[in-house]
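Take a look at the structure set out below.
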Amino acid sequence: MTATYSDSRLTNLIALGTGEILKGIRGVGLLRGRELGEAGDDLAQNWIARVLEQHRPDDGFLSEEAVDDLSRLENNRVWIVDPLDGTKEFATGRQDWAVHIALVEDGVPTHAAVGLPDLGVVFKSSDVRHVAGPLSRKIALSHNRPPAVARFIADKLGFGAEGIGSAGAKAMHVLLGDYDAYIHAGGQYEWDQAAPVGVAKAAGLHASRLDGSEIRFNNQDTYIPDLLICRPELADDILSHAATYLEENGSYEGIAK
């Protein structure tokens with residue numbers, strides 16, 4: 001471990017640097033579509049892995065873009081990253097893609113950063129607060145596979161529901177006050193959630209499974225079925241409506257029509 005960078009600063013610099021790499025790849029315009037997305041995934045992953053090998057060689061590592069080394073399960077410090085969350089959005093010129101960097105200690109994100117490079121901002125667990133103004137009365141959900149449970153909850157609350165790309169983008173727009181909640185069902189993985197959950201909790205937002213249980217990271221099975229990130233004053237109502245949906249339907253699965 002190098003003494004030059006604290007865990008917090010290293011987390012933030014990795015998120016910032018990864019965003020700059022990805023913007024550079026896309027900005028010169030030499031690749032498009034699928035080739036651009038794959039190049040972004042590969043180059044960002046390679047850079048992050050090299051940085052952590054130099055600065056935190058004894059820590060565990062879990063990434064969407066790398067083979068899972070299960071030796072991480074024996075390490076209480078594990079970096080969980082998604083170098084490019086929202087590859088399709090990145091490759092098609094949209095802004096709703098993100099960079100996820102989290103240091104998880106004993107199952108809990110202790111340092112996290114979510115970069116939204118096209119907006120020129122990195123949200124850091126070390127220095128973040130959520131916007132606590134008037135409700136937007138909107139819920140963010142997946143625009144590719146909008147979960148029926150999210151539509152159900154939005155209807156119960158009298159809110160609108162809108163699709164956004166990256167999980168990190170959805171979570172950070174709740175933090176910014178553009179949406180009051182982000183509801184997901186239908187499955188994600190630890191790299192989709194670790195950094196957004198870490199930043200959201202540091203900002204004072206509620207973050208949990210749809211049944212209200214805490215999300216723990218660095219598991220052998222990295223699949224996580226669902227997620228709720230919301231303003232804290234809405235958590236009880238949303239969880240109650242989620243429980244009603246589960247009782248009526250038997251599961252949170254199902255795509256909104």
Side-chain angles (χ1 to χ4, degrees), residues 15 80 82 85-86 96-102 104 107-116 119 121-125 128-133 135-154 156-157 159-217 223-243 245-246 252:
I80 300 181
D82 190 344
D85 184 57
D96 50 346
W97 55 280
V99 174
H100 295 179
I101 309 295
V104 168
V108 177
T110 53
H111 301 282
V114 175
L116 299 184
L119 300 185
V121 62
V122 175
F123 296 92
K124 315 163 195 175
S125 61
V128 66
R129 291 183 182 177
H130 74 276
V131 174
L135 294 176
S136 69
R137 303 188 67 79
K138 293 189 297 182
I139 290 175
L141 44 75
S142 169
H143 69 77
N144 293 319
R145 294 175 57 83
V149 61
R151 298 280 190 191
F152 174 85
I153 292 170
K156 290 294 184 182
L157 294 172
F159 287 7
E162 297 179 2
I164 306 178
S166 157
K170 288 188 273 284
M172 294 307 100
H173 279 292
V174 175
L175 186 152
L176 290 170
D178 299 324
Y179 296 86
D180 299 322
Y182 163 34
I183 298 173
H184 182 80
Q188 290 177 325
Y189 292 89
E190 291 192 11
W191 49 77
D192 295 307
Q193 296 189 8
V197 165
V199 173
K201 283 192 167 184
L205 294 172
H206 171 92
S208 73
R209 295 278 307 277
L210 277 175
D211 63 2
S213 60
E214 182 184 8
I215 304 170
R216 302 287 294 187
F217 297 96
Y223 180 80
I224 306 176
D226 47 69
L227 173 66
L228 168 63
I229 292 176
C230 69
R231 290 175 57 143
E233 65 267 34
L234 294 175
D236 287 346
D237 285 343
I238 291 175
L239 292 172
S240 176
H241 293 314
Y245 181 90
L246 181 63
Y252 296 125

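Just so you know, these numbers come straight off a predicted model, no measurement behind them. Positions are given from 1, in the same order as the sequence printed here.
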Backbone N/O of Leu227 and side chain of His184: donor-acceptor pair under 3.5 Å: no
Check whether any side-chain N or O of Asp237 sits under 3.5 Å from a backbone N or O of Leu157 as a donor-acceptor pair, and report yes or no. no
Which word best sums up how the rings of Tyr179 and His173 line up, parallel for under 30°, tilted for 30 to 60°, or perpendicular for over 60°? perpendicular
On a heavy-atom basis, the closest approach of Val131 and Arg231 is O-NH1, 4.0 Å
Scan residues 137-148 for pairs that pass side chain to side chain donor-acceptor pair (under 3.5 Å), counting only residues two or more places apart or in two chains. Glu89-His143
Of the non-hydrogen atoms in Tyr252 and Ala185, which two are nearest, and what is the gap between them? O-CB, 3.5 Å
Can you tell me if Asp85 uses its side chain to pair, donor with acceptor, with the backbone of Ala98 under 3.5 Å? no
Short side-chain to backbone donor-acceptor contact, Lys170 and Ile164, under 3.5 Å: yes
Closest approach of Ala15 to Val122 (non-hydrogen atoms, all atoms of both residues): CB-CG1, 3.9 Å
For the residue pair Leu116 and Ala169, what are the closest heavy atoms and their distance? CD2-CA, 3.9 Å
Pair up each side-chain donor or acceptor in residues 192-206 with any protein partner under 3.5 Å, not counting sequence neighbours, and list the distances.
from   : atom 1 : to     : atom 2 : distance (Å)
Asp192 : OD2    : Tyr189 : N      : 2.8
Gln193 : NE2    : Gln188 : OE1    : 2.8
His206 : NE2    : Ser208 : OG     : 2.8

Tell me if a side-chain donor or acceptor on Ser166 pairs with a main-chain N or O of Gly86 at a distance below 3.5 Å. no
